Amino acid sequence: MKRILIHFRGQMDELLRPQGVTIAQLQVLYAIRSAPGSSGAQLARSCYVTPQTVQALLKHLEEGGFIVRGKDRVNDRIVTASLTLAGEQLMESAEETAQTIQERLWQGVADSDLSRLNELLMQCLGNIAPESVDEISSGR
């Protein structure tokens, strides 16, 4: 699995490079889209990176015009982030890129095999991190 993910990420990074972003930055954009107005700390937790790392990613995304940052309505010490139109367009393009790579990845693999693989991976995840399976099942 790790080798597949490494190759997938490498291909995604290569195809995203001309657009000026990396997979890590794209992950932050997805987190922002999922929870607009999130703070840096919230984004760091949802992206499994440190607050310092997410701040660097946010800075690059803001400089690229993909997000805007502002003050939280309740606590003005909290800086929030929201997607711009350019950020939305980048995500659409990245999703098309990912879809192309995924189609190539799963070429020749039957849907029933993919379903079974997903079941096995969920079982493995449940064996080591039951709370993660609960989060996935509830859509969090």
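Computed from a predicted structure; not experimentally measured.
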(message) Looking only at the side chains, is there a donor atom on one of T100 and T97 sitting less than 3.5 Å from an acceptor on the other?
(response)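 There is no such pair (donor and acceptor under 3.5 Å, judged by atom type) between the side chains of T100 and T97.
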
Approximate separation, where rounding is to 0.5 Å, of [X] [atom1] and [Y] [atom2]:
X: I23; Y: Q11; atom1: CD1; atom2: CD; value: 10.5 Å
X: I32; Y: Q42; atom1: CD1; atom2: CD; value: 11.0 Å
X: M12; Y: Q102; atom1: CE; atom2: CD; value: 8.5 Å
X: R69; Y: K59; atom1: CZ; atom2: NZ; value: 10.5 Å
X: I67; Y: L90; atom1: CD1; atom2: CG; value: 11.5 Å

If I compare all heavy atoms of [X] with all of [Y], which pair ends up nearest, and what's the gap?
X: A94; Y: L16; answer: CB-CD2, 3.9 Å
X: H60; Y: G20; answer: CE1-O, 2.9 Å
X: V54; Y: G40; answer: CG1-O, 3.3 Å
X: L58; Y: A81; answer: CD2-CB, 4.2 Å

(message) Suppose the criterion is side chain to side chain donor-acceptor pair (under 3.5 Å): which pairs have a residue in residues 82-93, not counting sequence neighbours?
(response)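 Qualifying pairs, neighbours excluded: Q19-S93.
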
(message) Going by side chain to side chain donor-acceptor pair (under 3.5 Å), name the residues that satisfy it together with R45, two or more places apart in sequence or in a different chain.
(response)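 Partners of R45 under the side chain to side chain donor-acceptor pair (under 3.5 Å) test: none.
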
Linking I/L/V/M/F/W/Y whenever any side-chain heavy atoms sit under 4.5 Å apart, do [X] and [Y] land together?
X: L57; Y: V68; result: no
X: W106; Y: M1; result: yes
X: L105; Y: L26; result: no

(message) Tell me if a side-chain donor or acceptor on S46 pairs with a main-chain N or O of A31 at a distance below 3.5 Å.
(response) no

Please list every donor-acceptor pair under 3.5 Å in which a side-chain atom of residues 112-122 meets a protein atom from a residue at least two apart or in another chain.
from : atom 1 : to   : atom 2 : distance (Å)
R116 : NH1    : E119 : OE1    : 3.3

(request) Evaluate side-chain hydrogen bond (donor to acceptor under 3.5 Å, both in side chains) for E103 paired with Q99, printing each intermediate quantity in order. (result) CA-CA 6 Å; E103 287 170 5; Q99 183 64 34; 3.2 Å; yes

(message) If you define the side chain from C-beta out and look only at heavy atoms, does anything of L83 sit under 4.5 Å from F66?
(response) no

(request) For the residue pair I101 and L15, establish whether any side-chain heavy-atom pair is separated by less than 4.5 Å. (result) yes

(message) Under the criterion salt bridge (charged side-chain N to carboxylate O under 4.0 Å, His left out), I'd like the reasoning laid out for R9 against D13: C-alpha separation, chi angles, the key distance, then a yes or no.
(response) CA-CA 6 Å; R9 183 180 177 132; D13 276 337; 3.7 Å; yes

